[in-house]
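Written below as structure tokens is the structure these notes are about.
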Amino acid sequence: MLNKSFEPAQIETRLYELWESRKAFSAQPNSGKKPFTIMIPPPNVTGTLHMGHALTMTLQDTLIRWKRMQGFDTLWQPGTDHAGIATQMVVERTLATEGKTRQEMGRDAFIERVWEWKEQSGGGITKQLRRLGASLDWPRERFTMDEGLSRAVREVFVTLYNEGLIYRDRRLVNWDPVFRSAISDLEVESKDVAGNLWYIRYPVEGAGDATITVATTRPETMLGDTAVAVHPEDERYKNLIGKSVRLPLTGRLIPIVADEHSDPEKGTGAVKITPAHDFNDFEVGRRHNLPMISVLDDQARVVLDEIEQDLSAVEGLADPAFVRSLSGLSREEARKTIVARLEEDGWLEKIEPHRHQVPHAERGGAVIEPRLTTQWYCDAGKLSGPAVEAITSGRASFIPKQWENTFFAWMRDIQPWCISRQLWWGHRIPAWYGPDEHVFVAHDDADAQAQANAHYGKPVELRRDEDVLDTWFSSALWPFSTLGWPDKTPELARYYPTDVLVTGFDIIFFWVARMMMMGQHFMHDVPFRNIFIHGLVRDEHGQKMSKSKGNGIDPLELIDQYGADAMRFTICALTGIGRDVKLGRKRVEDYRAFITKLWNAARFCEMNGVKPVEGFDPATVKSPLGRWIIAEAAAAITEATRALDSYRFDEYALSCYRFVWNRFCDWFLEFAKPVFNSTDEAEAAEIRAVAAYVLGVILRLLQPVIPFVTDTLWHSFGYGEEGSLISASWPEPVVPAGAEAAQAECDQIIRLITEIRTVRAEMNVPPAQKAPVFLKDALPQTLEHAQRWQEAIGRMARVSEVAPLQGDIPHGSAQAVVDEATLIIPLAGLIDLDAERARLKKELGKAEDEVAKTEKKLGNENFVTRAKPEVVQEMRERLEAQQGECVRLKAALSRIG
RNA sequence: GGGUGCGUAGCUCAGCGGUAGAGCAUCGCCUUCACACGGCGGGGGUCACAGGUUCAAUCCCUGUCGCACCCA
């Protein structure tokens with residue numbers, strides 16, 4: 001016997017372990033089945049499961065479970081990435097509590113420590129994914145720092161280097177002065193900050209007291225100014241172009257140049273140019289061949305090395321001693337000190353409050369410093385061509401399609417990808433330097449040494465590059481490195497290209513684009529055929545979930561409280577195309593009701609002896625009720641399949657919901673009640689078999705989204721052994737003979753019952769009060785149907801008897817119209833005739849409005865001649881039906897008098 | 001400033017040329033032997049606004065306003 005209610009906590013863990021131990025999630029490379037592959041977007045090894053994971057993993061699991069049932073050899077590849085900065089931060093924080101730093105420990109000891117951390121506490125998210133029910137092929141789990149994947153990274157680096165697609169360059173990078181590393185421009189977040197515009201006078205050389213005033217948001221960088229720029233068309237400054245100014249404080253002479261970068265409308269129209277500390281200024285510097293002087297070090301402290309020799313003393317303008325005193329000050333302190341000194345010396349014209357965009361590190365939040373350094377770059381511009389081509393040619397497609405534009409826009413002006421990071425944790429760059437800094441890129445030490453020996457003609461000592469690669473560099477290889485590349489493994493041949501990538505739009509650039517570039521370059525084929533982009537999870541008010549707002553919901557807590565199935569179903573039901581998912585506790589609670597409903601329906605079936613019948617053929621069912629529900633089930637299967645085929649998770653969930661609740665429970669089981677208790681054994685047996693068949697369809701249809709409760713029922717009804725539903729086959733629609741007539745019949749009975757219920761409810765007839773129903777003007781077929789469904793109508797509409805009307809209409813009857821027939825419900829003394837008259841008048845009013853609308857349409861000459869004939873025909877039929885209803889309602893009204 | 005998406009019932013969202021839909025909420029009634037995480041019934045919408053195309057527009061086109069996100 002099934003329990004009175006479904007207890008997810010009692011079964012989820014056990015069932016998951018059963019699946020896993022039976023290798024139910026495993027790919028079967030030798031099966032001869034067609035493969036279907038999804039690569040997990042590898043979660044960060046330091047991460048814990050949040051709602052965003054719950055969303056994306058639920059969708060992926062639903063797809064993979066569905067495809068598995070459809071008979072594909074499914075591979076859902078699991079794993080995690082090593083998250084360079086995040087992981088290093090975590091471990092450094094632990095070290096700090098022990099009073100240690102990684103610098104004291106040294107590189108090797110630190111790396112060892114990180115591995116220890118990884119073994120003990122890393123990848124906790126993989127356990128949490130199991131709570132979700134995710135059917136990942138765990139024995140194939142990979143980590144981006146695995147030996148195999150690291151080999152792939154080295155292979156790619158060496159190859160791209162040899163092809164000239166990886167190179168070193170000295171240019172501005174986004175520098176995080178806290179981590180002291182370059183970071184990607186994608187990891188920089190511009191924030192609107194309240195700052196100031198400082199207006200500073202720079203004296204024009206050889207022009208007496210003339211000055212030019214520049215407006216700047218960063219006065220401290222003036223130590224590194226190498227020009228002042230004005231717009232070439234700016235009349236105010238035209239005569240100054242080509243002249244020089246003498247920089248306050250340092251006394252250096254710098255030119256006034258004409259450049260369209262300066263906006264005459266902004267500030268004074270004259271801007272100071274600091275090429276080594278600003279991206280725009282860098283470009284100006286390049287255009288005008290300006291020196292690039294760095295005045296901030298790796299921690300964004302003032303450093304004077306590059307300006308020391310040019311310091312000069314000018315009375316009231318420049319003071320080398322003051323400048324030297326700035327050495328080692330932070331950006332913020334230097335700014336304060338410099339502004340104070342300028343003011344004192346009379347060079348500060350004014351200060352204006354000013355809001356502007358300041359770059360911050362997404363991780364850690366430090367203010368980013370543009371900094372001139374030598375880094376390793378990947379020539380993304382060259383790699384992007386084939387990636388774009390893959391989309392334009394249709395070999396890979398975004399769903400929804402509009403993300404293609406986002407992808408193209410970014411790809412079109414893609415910047416060189418800075419791939420080096422000044423960290424220890426990660427793939428160390430396979431580059432070695434000789435005594436003269438000559439670079440040798442190699443797979444390993446020995447290879448590098450051999451190259452160097454050949455190059456120098458003698459053994460030399462090599463120094464390996466200290467830096468590591470951007471984590472996304474290894475993630476970009478994920479679709480083939482996990483399958484064994486660079487070896488030619490059977491898996492690689494079988495599962496690449498993968499079928500679909502499921503992810504959020506926030507990482508199209510970070511990851512999707514880079515996988516596409518690397519896949520095209522190294523595998524000569526796309527990494528995935530479809531790219532399904534889903535929305536973000538938000539709270540019920542549409543706010544982004546975030547730690548700082550405290551509006552996040554822990555998916556594990558939801559699972560504890562409502563069960564994994566309820567959460568998964570909620571996610572599916574709310575995942576429309578291209579829409580964010582607004583999820584609150586209440587939503588999950590609401591959809592849990594569906595799980596409970598399914599459970600109770602199954603329990604009811606069990607109580608009534610419903611069991612799967614061996615050899616049962618739904619196509620040969622005789623009873624109208626059986627034929628009807630089987631046809632309805634077929635429609636549900638078709639809808640659900642189509643929905644999944646087009647990634648309409650909401651439609652999939654809701655078509656199942658509607659079928660289970662509004663067809664199977666509300667009508668089929670209710671209609672089946674009298675049959676289950678009937679003395680007609682043959683009919684009862686057939687309906688039991690039909691119920692078992694339909695329940696089996698329901699469980700299979702829902703397995704992909706709610707695997708726990710469905711498997712529990714599957715097993716307890718004896719459809720298969722425990723844990724076997726996951727490998728059952730996806731249901732096929734079956735439409736039995738005579739289904740159309742059965743549907744017409746059942747639909748009519750449903751309309752009849754609903755009509756009686758409405759009348760009774762509106763007339764406030766107590767449910768306990770039964771009444772007969774007489775049919776007036778009914779066709780023989782309608783009478784026959786009403787007769788056959790006597791019992792169900794009686795119970796469901798609180799009717800004592802259904803019969804054709806004999807003689808006159810009893811006084812005090814309520815009346816209603818169903819198709820051609822008028823229902824007469826004698827309720828003398830129970831209803832208020834005035835109320836009944838009012839009710840009928842309202843009905844009539846509605847019907848007349850409809851008639852008027854249709855008549856107007858048909859009265860339009862243009863409509864009749866120009867609309868499609870079938871539409872006109874449909875309107876004519878509609879008008880006839882509507883007029884019939886009006887006639888019957890009028891007749892009913894006149895009978896009341 | 002450039003781009004994308006969205007404004008449909010109180011809320012969350014479907015529908016996207018031919019009679020406006022669902023879930024939740026709300027209001028009645030119901031301890032009917034699967035389910036009160038339930039059953040039955042009702043009310044509630046100039047489909048953001050203004051033009052245009054069409055026999056017909058919530059749906060297509062143009063513009064306006066509002067909201068969100070992405071890029072600069």
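Heavy-atom basis, side chains included; hydrogens, waters and symmetry copies ignored. Lettering of chains follows the sequences in order, A, B, ..., and the numbering in each one begins at 1.
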Nearest-angstrom distance from the residue atom [atom1] of [X] to [atom2] of [N]:
{"X": "A/Gln357", "N": "B/G1", "atom1": "CD", "atom2": "P", "answer": "14 Å"}
{"X": "A/Asp590", "N": "B/C37", "atom1": "CG", "atom2": "P", "answer": "12 Å"}
{"X": "A/Leu186", "N": "B/C70", "atom1": "CG", "atom2": "P", "answer": "13 Å"}
{"X": "A/Phe604", "N": "B/G38", "atom1": "CZ", "atom2": "P", "answer": "17 Å"}
{"X": "A/Tyr591", "N": "B/C35", "atom1": "OH", "atom2": "P", "answer": "24 Å"}
{"X": "A/Phe664", "N": "B/G39", "atom1": "CZ", "atom2": "P", "answer": "14 Å"}
{"X": "A/Glu877", "N": "B/U19", "atom1": "CD", "atom2": "P", "answer": "14 Å"}
{"X": "A/Gln415", "N": "B/C71", "atom1": "CD", "atom2": "C1'", "answer": "13 Å"}

Which of these nucleotides, [options], is closest to any side-chain atom of [X]?
{"X": "A/Arg579", "options": "B/C37, B/U19, B/C6", "answer": "B/C6"}
{"X": "A/Asn862", "options": "B/U19, B/C55, B/G41", "answer": "B/C55"}
{"X": "A/Phe863", "options": "B/G41, B/G43, B/C55", "answer": "B/C55"}
{"X": "A/Lys853", "options": "B/G41, B/U19, B/A68", "answer": "B/U19"}
{"X": "A/Arg587", "options": "B/G23, B/G43, B/C29", "answer": "B/G23"}
{"X": "A/Glu850", "options": "B/U19, B/A14, B/U12", "answer": "B/U19"}
{"X": "A/Phe505", "options": "B/A14, B/C35, B/C69", "answer": "B/C69"}
{"X": "A/Phe509", "options": "B/C71, B/C55, B/G39", "answer": "B/C71"}
{"X": "A/Arg757", "options": "B/A34, B/G41, B/A14", "answer": "B/G41"}
{"X": "A/Lys857", "options": "B/A20, B/G18, B/C29", "answer": "B/G18"}

Query raised in the report: Looking only at atom types and distance, does a side-chain atom of A/Gln415 sit under 3.5 Å from a main-chain N or O of A/Asp413, one as donor and one as acceptor?
Result: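 Checked: pair present.
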Query raised in the report: Taking the six-membered ring where the residue is Trp, are the ring centres of A/Phe6 and A/Trp599 under 6.0 Å apart?
Result: yes
Requested in this report: Step through it carefully: locate the ring centre of A/Phe532, locate the ring centre of A/Phe649, and say whether they are under 6.0 Å apart.
Outcome: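 Yes, the ring centres sit under 6.0 Å apart.
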Report task. For the residue pair A/Tyr657 and A/Tyr591, categorise the inter-ring angle as parallel (less than 30°), tilted (30 to 60°) or perpendicular (more than 60°). Result ->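 A/Tyr657 vs A/Tyr591 ring planes: perpendicular.
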Query - A/Trp511 and A/Trp472 aromatic ring geometry - parallel, tilted or perpendicular at 30°/60° bounds - result: tilted
Report the base-pairing partner of [N] (Watson-Crick or G-U wobble, both distances below 3.5 angstrom), or none.
{"N": "B/U4", "answer": "B/A68"}
{"N": "B/A36", "answer": "none"}
{"N": "B/C16", "answer": "none"}
{"N": "B/A50", "answer": "B/U62"}
{"N": "B/G23", "answer": "B/C11"}

Please measure how far the [atom1] atom in [N] lies from the corresponding atom in [M], and state the result in whole Å.
{"N": "B/U46", "M": "B/G3", "atom1": "C1'", "result": "33 Å"}
{"N": "B/C59", "M": "B/C49", "atom1": "P", "result": "10 Å"}
{"N": "B/C6", "M": "B/C16", "atom1": "C1'", "result": "15 Å"}
{"N": "B/U8", "M": "B/C70", "atom1": "P", "result": "22 Å"}
{"N": "B/G39", "M": "B/G44", "atom1": "P", "result": "24 Å"}
{"N": "B/U31", "M": "B/A36", "atom1": "P", "result": "14 Å"}
{"N": "B/C60", "M": "B/C37", "atom1": "P", "result": "42 Å"}
{"N": "B/A48", "M": "B/G66", "atom1": "C1'", "result": "8 Å"}

Is [X] touching bases, backbone alone, or none of the nucleic acid, heavy atoms closer than 4.0 Å?
{"X": "A/Glu189", "result": "nothing"}
{"X": "A/Arg839", "result": "nothing"}
{"X": "A/Arg760", "result": "nothing"}
{"X": "A/Gln402", "result": "sugar-phosphate"}
{"X": "A/Thr865", "result": "nothing"}
{"X": "A/Cys605", "result": "nothing"}
{"X": "A/Met875", "result": "sugar-phosphate"}
{"X": "A/Arg603", "result": "sugar-phosphate"}
{"X": "A/Lys401", "result": "nothing"}

Is a donor from one side chain sitting under 3.5 angstrom from an acceptor on the other, for [X] and [Y]?
{"X": "A/Gln815", "Y": "A/Arg888", "result": "no"}
{"X": "A/Thr575", "Y": "A/His534", "result": "no"}
{"X": "A/Gln357", "Y": "A/Asp192", "result": "yes"}
{"X": "A/Gln873", "Y": "A/Glu877", "result": "yes"}

Query raised in the report: Starting at the 5' end of RNA chain B, which residue's closest nucleotide do you reach first, A/Asp650 or A/Val765?
Result: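 The 5'-side residue here is A/Asp650.
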Query raised in the report: Given that A/Ile753 and A/Arg798 both sit by RNA chain B, which one's nearest nucleotide is further toward the 5' end?
Result: A/Arg798
OP1 or OP2 of [N] under 4.0 Å from side-chain N/O of [X]:
{"X": "A/Lys597", "N": "B/G38", "result": "no"}
{"X": "A/Trp661", "N": "B/G39", "result": "yes"}
{"X": "A/Arg592", "N": "B/C37", "result": "no"}

Query raised in the report: Per the atom types in the model, does the base of B/A34 pair as donor or acceptor with the side chain of A/Glu670 at under 3.5 Å?
Result: yes
